*Asks:* 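Dropping the structure in here first, questions after.
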There are 2 protein chains.
Amino acid sequence: MNSSTRVDEGEALWSSRSQRPLYEVKAGLFKGLAHPVRVRILEVLAHGDDVPVAQLLSETGLEASHLSQHLAVLKRHRLVASERRASQVYYRLAFAEVADLLAVARALLTEVLDAARTELAEADGLPALPAADATRS
Amino acid sequence: MNSSTRVDEGEALWSSRSQRPLYEVKAGLFKGLAHPVRVRILEVLAHGDDVPVAQLLSETGLEASHLSQHLAVLKRHRLVASERRASQVYYRLAFAEVADLLAVARALLTEVLDAARTELAEADGLPALPAADATRS
DNA sequence: ACGCGAGTTGATGAATTCATCAAGCCATCA
DNA sequence: TGATGGCTTGATGAATTCATCAACTCGCGT
């Protein structure tokens, strides 16, 4: 990756004057979502609002620092927001659209996986299976 | 393009029996989208259907092999499909949902960028600017 | 003030992804 | 058939992202 043009990581998505082409910004957004742990976190947040880190910790079974790093990435991308109340920190999606994005992604995935399954079946001359539903998660 | 430990890349999204947790698959999808060039390509494809490589080549100004590599990534993720007619190769989105995803991403981005802009303005005690519209691309 | 629990930050080596350059295929045309 | 345009594939070093550990900050109870 071209080092001179690099303006990323630190500012992640927005880059002050936003003179950056939108497709770069968009790619940055996807990069922020491009990790299993982060997707998991967002999905948990998409369900219950204002989730304490402790809960994320137990639901994901991750080590605190590891989880925290990913939360930091999500925060840099402004996909989540956090608030400290008493001794605990609570996280939530920064925008409802984040949940929308996950939903659309799931819809697309359903298509893709389904098509792939069908293709494989055809290739093997097998009948298509009843297709497991991807309604949840 | 390593080969030993790699379980990814080759199968990208679906992994045969799909016993892989959905959030991993989803992360894989986002990974496939996580690059400026690939976003650009998808946006071009989202507009005109059945685009010849030559057009992508000129619209992006990329070197042929570079473009091709990204097209290959998109194809592995099954986001695009290609077809060879005579001497040229044509690409198109594999599913309409891909365009949906891009659209939702743009909507989210609008929110994020807008919020960020507002925040910055407030921090500087400046009045919010008229906000450039991100309707296109 | 001291000790802790709850999280976050920093540093570092390992694993991935990128960009580039050199070859390699496939049609089409001379 | 040999040459060419139009793409794709492979290989490799450079740049990034990840996972892990250790150190550190913030509140709260004693």
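To find a chain, count down the sequence lines: A is the first, B the second, and so on, and within it residues start at 1. Everything numeric here is computed off the predicted structure, so don't read it as measured data.
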*Asks:* Output yes when at least one side-chain N/O atom of A/His70 is less than 4.0 Å from OP1 or OP2 of D/dA19, else no.
*Replies:*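 Checking D/dA19 against A/His70, a side-chain N or O does come within under 4.0 Å of OP1 or OP2.
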*Asks:* Working to the nearest 0.5 Å, report the span between OH of A/Tyr23 and CZ of B/Arg40.
*Replies:*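 Interatomic distance, A/Tyr23 OH to B/Arg40 CZ, rounded to 0.5 Å: 4.5 Å.
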*Asks:* With a cut-off of less than 4.0 Å, is there a side-chain N or O of B/Tyr91 near OP1 or OP2 of D/dT8?
*Replies:*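 Checking B/Tyr91 against D/dT8: at least one side-chain N or O falls below 4.0 Å of OP1 or OP2.
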*Asks:* Taking side-chain hydrogen bond (donor to acceptor under 3.5 Å, both in side chains) as the definition, give me every residue that meets it alongside B/Glu63, ordered by chain and number, with sequence neighbours left out.
*Replies:*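 For B/Glu63, no residue satisfies side-chain hydrogen bond (donor to acceptor under 3.5 Å, both in side chains) once neighbours in sequence are set aside.
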*Asks:* For B/Arg40 and C/dC18, what is the distance between atoms CZ and P respectively, to the nearest whole Å?
*Replies:*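 Answer to the nearest Å: 17 Å.
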*Asks:* Just by protein heavy atoms under 4.0 Å, how would nucleotides 21-30 of chain D read 5' to 3' in B, S and -?
*Replies:* BB---B-S--
*Asks:* Are the side chain of A/Ser68 and the backbone of A/Ala64 linked by a donor-acceptor contact shorter than 3.5 Å?
*Replies:*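 Absent.
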*Asks:* What is the distance, to the nearest angstrom, from the OH atom on B/Tyr90 to the P atom on D/dT8?
*Replies:*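 The distance from OH of B/Tyr90 to P of D/dT8 comes to 13 Å, rounded to the nearest Å.
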*Asks:* Identify which nucleotide among D/dC18, D/dT9, C/dG7 has an atom closest to any side-chain atom of B/Ser68, counting heavy atoms from C-beta outward.
*Replies:*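 Nearest to the side-chain atoms of B/Ser68, counting from C-beta on, is D/dT9.
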*Asks:* Expressed as a whole number of angstroms, how long is the span from A/Leu67:CG to C/dA6:C1'?
*Replies:*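 Atom-to-atom, A/Leu67 to C/dA6, this comes out as 12 Å.
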*Asks:* Distance check needed: C/dG10 P versus A/Arg76 CZ, whole Å only.
*Replies:*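 Taking CZ of A/Arg76 and P of C/dG10, I get 11 Å after rounding.
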*Asks:* Round to the nearest Å and state the distance from A/Leu62 atom CG to C/dG7 atom P.
*Replies:*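 About 14 Å, once rounded to whole Å.
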*Asks:* For A/Val37, give me all partners under side chain to side chain contact (heavy atoms under 4.5 Å, CB included), at least two apart in sequence or on another chain.
*Replies:*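 Scan of A/Val37 (side chain to side chain contact (heavy atoms under 4.5 Å, CB included), adjacent residues dropped) gives A/His35, A/Ile41, A/Leu62, A/His70.
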*Asks:* What residues form a side chain to side chain contact (heavy atoms under 4.5 Å, CB included) with B/Ala99, not counting sequence neighbours?
*Replies:*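 Partners of B/Ala99 under the side chain to side chain contact (heavy atoms under 4.5 Å, CB included) test: B/Ala46, B/Leu93.
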*Asks:* Residues of residues 49-61 of chain A with any non-hydrogen atom less than 4.0 angstrom from an atom of DNA chain C: list those, numerically ordered, please.
*Replies:*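 Those residues whose heavy atoms fall under 4.0 Å from DNA chain C, taken from residues 49-61 of chain A in numerical order, are A/Val53, A/Ala54.
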*Asks:* Provide the full list of salt bridge (Lys or Arg N to Asp or Glu O under 4.0 Å) pairs with a residue in residues 50-59 of chain B, sequence neighbours left out, each pair given once.
*Replies:*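 Matches after skipping sequence neighbours: B/Asp50-B/Arg85, B/Asp50-B/Arg92.
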*Asks:* Could you state the atom-to-atom distance from CD1 of B/Ile41 to P of D/dC7 in whole Å?
*Replies:*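 Distance check: B/Ile41 CD1 to D/dC7 P gives 13 Å.
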*Asks:* With sequence neighbours excluded, tell me which residues meet side chain to side chain contact (heavy atoms under 4.5 Å, CB included) with A/Val89.
*Replies:*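 With neighbours one apart ignored, the set is A/Val53, A/Ser82, A/Arg84, A/Tyr91.
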*Asks:* Report the distance from atom NE2 of B/His35 to atom P of D/dT16, rounded to the nearest whole Å.
*Replies:*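 So the NE2-P distance, B/His35 to D/dT16, works out to 11 Å.
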*Asks:* Carefully, step by step, assess A/Val80 and A/Val98 under the rule side-chain contact (heavy atoms from CB on, under 4.5 Å).
*Replies:* CA-CA 9 Å; A/Val80 304; A/Val98 176; over 6 Å; no
*Asks:* Taking only residues two or more places apart in sequence or in another chain, which ones pass side chain to side chain contact (heavy atoms under 4.5 Å, CB included) with B/Glu24?
*Replies:*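 A/Pro36, B/Arg20, B/Pro21.
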*Asks:* How many whole angstroms separate atom CZ of A/Arg38 from atom C1' of D/dT17?
*Replies:*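 Whole-Å distance recorded here is 8 Å.
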